[in-house]
Asker: 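Input: one structure, supplied below.
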Amino acid sequence: MAEQQRPRRRGQGELEALVLEALRGADGPATAGWVQERLGGDLAYTTVITILTRLLAKGAVTRERAGRSFAWTPASDQAGLAAHKMRKVLDSEGDREAVLASFVTGLGPDDERLLRELLGQSRNEGED
């Protein structure tokens, strides 16, 4: 008797990424039902709501009332979301200077050069 294969269980981070990707593909704020359809309908509606609520708590999405439901919008692009995660990690550590120093010394030459250029730009913009 052949074993029936169950679908692969996706991790929370993977589901959050899929939901965010779907929202980024929307023309504007989207409902959970729209997100569910966009993802092929293989996720339960309640799962989509749970993921959206987690993303809201993380600051990755915003929501606005749409009738009796909500319409959801990504709070920022992929780069903005990654920067938000980095700030949260930095904020959770006691010694910011040590964390930043360790991060910077771990950068490769190209990333270090890019960071220096970006810091120089932000200083110049502050002088305007």
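Being a predicted model, the structure only gives us computed values, none of them experimental.
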Asker: For atom CD of E117, is the number of surrounding heavy atoms from other residues, nucleotides or ligands below 6.0 Å larger than 12?
Answerer: yes

Asker: Quick one: CG on L20 to CH2 on W72, what's the gap to the nearest 0.5 Å?
Answerer: 11.5 Å

Asker: Heavy-atom count check: over 12 atoms from other residues, nucleotides or ligands less than 6.0 Å from R24 CZ?
Answerer: yes

Asker: Using a side-chain heavy atom cutoff under 4.5 Å and only I, L, V, M, F, W and Y, what cluster partners does F103 have?
Answerer: M86, V104, L107, L115, L119

Asker: Over all heavy atoms of both residues, which pair between G33 and Y45 is shortest? Give the atoms and the distance, please.
Answerer: N-CE1, 3.6 Å

Asker: Cluster partners of L100, using ILVMFWY side-chain heavy atoms under 4.5 angstrom, listed by chain and number?
Answerer: L90, V99

Asker: Starting at CZ of R63, measure out to CG of L55 and round the result to the nearest 0.5 Å.
Answerer: 12.0 Å

Asker: Kindly compute the distance separating CG (L15) from OG1 (T47), expressed to the nearest 0.5 Å.
Answerer: 8.0 Å

Asker: For E112, I'd like to know if atom CD has over 12 heavy atoms of other residues, nucleotides or ligands within 6.0 Å.
Answerer: yes

Asker: Report the distance from atom CD of E64 to atom CZ of F70, rounding to the nearest 0.5 Å.
Answerer: 10.5 Å

Asker: With side chain to side chain contact (heavy atoms under 4.5 Å, CB included) as the test, pick out the partner of V61 among L23, T53, T73.
Answerer: L23

Asker: Rounded to the nearest 0.5 Å, what's the gap from OG1 on T31 to CD on Q36? Could you check?
Answerer: 9.5 Å

Asker: What are the two closest non-hydrogen atoms of A71 and P29, and how far apart are they?
Answerer: CB-CB, 3.5 Å

Asker: What heavy-atom pair brings L39 and A22 nearest, and what distance separates the two atoms?
Answerer: CD2-CB, 4.1 Å

Asker: Would the distance check show the side chain of S102 and the main-chain N or O of A98 forming a donor-acceptor pair, the cut-off being under 3.5 Å?
Answerer: no

Asker: Measure the OG-CD1 distance between S69 and I49 for me, rounded to the nearest 0.5 Å.
Answerer: 6.0 Å

